[in-house]
Participant: 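Please find one structure pasted underneath; my questions will follow.
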Amino acid sequence: MTKKLYMESDNTTELATVACCISEGERHIAILDKTIFHPQGGGQPSDQGYLGGARVLSVKERDGAIEHYLDKPVSPGLVELKVDEDIRALHSVLHTIGHLIGNIGDSFGWAPVKAHHWPNECKVEFLPTNECEHVTADQFQTALMAFIDKGLNLKNQIDESGTRLVGFGDLNPWPCGGTHVDSLAKLPPKISVSVKTKRERMIVRYEVDYVD
């Protein structure tokens with residue numbers, strides 16, 4: 001079992017202990033006692049970075065253990081972890097925008113049911129409720145810019161079941177274990193949105209023109 005420091009902190013450097021490193025041909029998988037590397041999941045790709053002198057190519061969770069896939073093996077013992085800050089920042093921006101789009105769609109009576117926050121593939125899918133309204137791309141973009149202008153701050157809380165709920169300001173929080181910006185003021189000012197409906201499902205795609 002790996003302690004998930006990324007659920008409690010956004011730190012990008014840390015010391016941890018390598019419990020084991022398994023090599024299968026050219027694939028090397030390290031298991032640590034704790035980690036700041038966010039694994040793939042929740043609609044977003046994993047962190048990348050370095051584990052000692054080895055490059056962390058991807059991170060996955062399996063049976064409570066966080067598996068770090070490396071470009072070369074590492075020895076058991078104390079090691080320094082370094083998350084690639086640029087990749088973390090990009091994923092945090094894209095995931096946060098997905099949260100906002102979910103809130104916006106919900107305010108028009110659409111229930112978010114699926115989200116994908118990978119670079120160049122970002123989308124949120126909604127199903128209609130009994131009181132849903134038609135929503136245009138312009139309405140999504142206008143609402144997004146209003147949230148960014150308010151600069152709402154990140155709010156994390158853990159419910160009675162141990163689930164982390166993530167929200168911004170007074171917006172409805174969502175169960176989420178992903179990465180996010182700590183303030184909407186840090187989102188880029190240029191976000192492109194498109195909307196289409198397919199078999200009653202509304203699909204909202206989005207991308208940023210640049211990330212600070």
Side-chain angles (χ1 to χ4, degrees), residues 4 6-10 12 35-49 56-62 66-69 83-108 110-127 135 137 139-141 143-148 152-156 163-169 171-198 201-212:
K4 303 172 182 179
Y6 58 83
M7 293 291 284
E8 308 167 2
S9 169
D10 292 328
T12 55
T35 188
I36 54 175
F37 282 90
H38 188 280
Q40 178 179 323
Q44 76 172 67
S46 73
D47 282 329
Q48 297 179 34
V56 178
L57 306 174
S58 64
V59 186
K60 298 180 181 180
E61 181 175 6
R62 181 163 57 182
I66 308 299
E67 299 179 334
H68 303 73
Y69 289 75
V83 172
D84 186 309
E85 294 183 0
D86 290 338
I87 292 176
R88 167 73 70 83
L90 174 60
H91 295 170
S92 297
V93 163
L94 297 178
H95 200 135
T96 298
I97 295 171
H99 273 262
L100 298 181
I101 286 176
N103 275 279
I104 296 166
D106 183 65
S107 71
F108 283 91
W110 291 83
V113 293
K114 186 177 180 180
H116 187 74
H117 310 296
W118 290 58
N120 304 314
E121 302 175 6
C122 295
K123 65 179 179 179
V124 181
E125 298 184 19
F126 300 83
L127 287 176
V135 198
Q139 286 174 300
F140 272 103
Q141 286 184 299
L144 280 172
M145 293 305 104
F147 286 142
I148 293 173
L152 302 177
N153 291 326
L154 174 67
K155 288 186 177 180
N156 289 330
T163 300
R164 186 176 75 167
L165 301 176
V166 177
F168 293 87
L171 297 179
N172 290 333
W174 307 101
C176 186
T179 61
H180 314 84
V181 299
D182 59 13
S183 169
L184 298 187
K186 294 184 178 179
L187 293 180
K190 295 183 180 180
I191 303 171
S192 300
V193 179
S194 65
V195 179
K196 75 173 183 179
T197 302
K198 184 177 182 180
R201 180 170 295 215
M202 180 172 68
I203 303 172
V204 181
R205 299 183 183 275
Y206 65 94
E207 61 181 17
V208 297
D209 294 313
Y210 66 89
V211 176
D212 290 336

Participant: Applying side-chain contact (heavy atoms from CB on, under 4.5 Å) to I104 and F147, what does each step give before you reach the verdict?
Facilitator: CA-CA 10 Å; I104 296 166; F147 286 142; 3.6 Å; yes
Participant: Could I get the full list of side chain to side chain donor-acceptor pair (under 3.5 Å) partners for S194, not counting sequence neighbours?
Facilitator: none
Participant: Compare every heavy atom of H95 with every heavy atom of G42, then report the nearest pair and how far apart it is.
Facilitator: O-CE1, 3.5 Å
Participant: Can you tell me how far the CD atom of Q139 sits from the CZ atom of F108, to the nearest 0.5 Å?
Facilitator: 4.5 Å
Participant: Answer whether the closest heavy-atom distance between the side chains of L187 and V181 falls below 4.5 Å.
Facilitator: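 Sidechains of V181 and L187: in contact.
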Participant: Would I191 and F140 count as a side-chain contact (heavy atoms from CB on, under 4.5 Å) if you check the C-alpha gap in whole Å, the side-chain angles of each, and the deciding distance to 0.1 Å?
Facilitator: CA-CA 10 Å; I191 303 171; F140 272 103; over 6 Å; no
Participant: Classify the ring geometry of F37 against H68: parallel below 30°, tilted from 30° to 60°, perpendicular beyond 60°.
Facilitator: perpendicular
Participant: Please name the pair of heavy atoms, one in S58 and one in S46, separated by the smallest distance, quoted to 0.1 Å.
Facilitator: CA-OG, 3.4 Å
Participant: Is the shortest heavy-atom distance from the side chain of F126 to the side chain of D106 under 4.5 Å?
Facilitator: no
Participant: Looking only at non-hydrogen atoms, find the nearest pair between I148 and P188 and report the distance.
Facilitator: CD1-O, 3.6 Å
Participant: Under the side chain to side chain contact (heavy atoms under 4.5 Å, CB included) test, which residues partner Q48, sequence neighbours left out?
Facilitator: R55, I87
Participant: I need the K60 NZ to E67 CD distance, nearest 0.5 Å.
Facilitator: 8.5 Å
Participant: Counting neighbours of CD on E85 that are heavy atoms of other residues, nucleotides or ligands and sit closer than 6.0 Å, is the number greater than 12?
Facilitator: no
Participant: Atom CD of Q141 and atom CD1 of I101: how far apart are they, to the nearest 0.5 Å?
Facilitator: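 Rounded to the nearest 0.5 Å, the CD-CD1 separation comes to 9.0 Å.
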Participant: Between T179 and R88, is a side-chain contact (heavy atoms from CB on, under 4.5 Å) present by the stated rule, with each step listed?
Facilitator: CA-CA 8 Å; T179 61; R88 167 73 70 83; 3.8 Å; yes
Participant: Rounded to the nearest 0.5 Å, what separates atom OG1 in T197 from atom CE in M202?
Facilitator: 7.0 Å
Participant: Taking all non-hydrogen atoms of both residues, which atom of D86 and which atom of D84 are closest, and how far apart?
Facilitator: N-OD1, 3.0 Å
Participant: Would you call T96 and K186 a side-chain contact if the rule is heavy atoms closer than 4.5 Å?
Facilitator: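 With C-beta onward as the side chain, the pair stays apart.
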Participant: Find out whether I36 and S9 are in side-chain contact, i.e. whether some heavy atom of one side chain is under 4.5 Å from a heavy atom of the other.
Facilitator: no
Participant: Quick one: list whatever passes side chain to side chain contact (heavy atoms under 4.5 Å, CB included) with P173, sequence neighbours left out.
Facilitator: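 So P173 forms a side chain to side chain contact (heavy atoms under 4.5 Å, CB included) with L165.
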Participant: So how far is it from L154 CG to L184 CG, rounded to the nearest 0.5 Å?
Facilitator: 8.5 Å
Participant: Taking the side chain from H38 and the backbone from G177, do they hold a donor-acceptor pair closer than 3.5 Å?
Facilitator: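 Present.
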Participant: Indicate the atoms forming the closest heavy-atom contact of G102 with P112, along with that distance.
Facilitator: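 That closest heavy-atom pairing would be O-CG, 4.2 Å.
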Participant: Starting at OH of Y206, measure out to CG of L100 and round the result to the nearest 0.5 Å.
Facilitator: 9.0 Å
Participant: Check whether any side-chain N or O of R164 sits under 3.5 Å from a backbone N or O of C176 as a donor-acceptor pair, and report yes or no.
Facilitator: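 Side chain of R164 to backbone of C176, a donor-acceptor pair under 3.5 Å: yes, one is there.
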Participant: Do P119 and L90 touch side chain to side chain, with heavy atoms closer than 4.5 Å?
Facilitator: yes
Participant: Would a 4.5 Å heavy-atom cut-off, applied to side chains only, mark K4 and I66 as touching?
Facilitator: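 Yes; the side chains approach each other to less than 4.5 Å.
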Participant: Which atoms form the tightest heavy-atom contact between M145 and P189, and what is the distance?
Facilitator: SD-O, 3.4 Å
Participant: How far apart are the C-alpha atoms of V195 and V135, what are their side-chain angles, what is the distance that settles it, and do they pass the side-chain contact (heavy atoms from CB on, under 4.5 Å) test?
Facilitator: CA-CA 8 Å; V195 179; V135 198; 5.8 Å; no
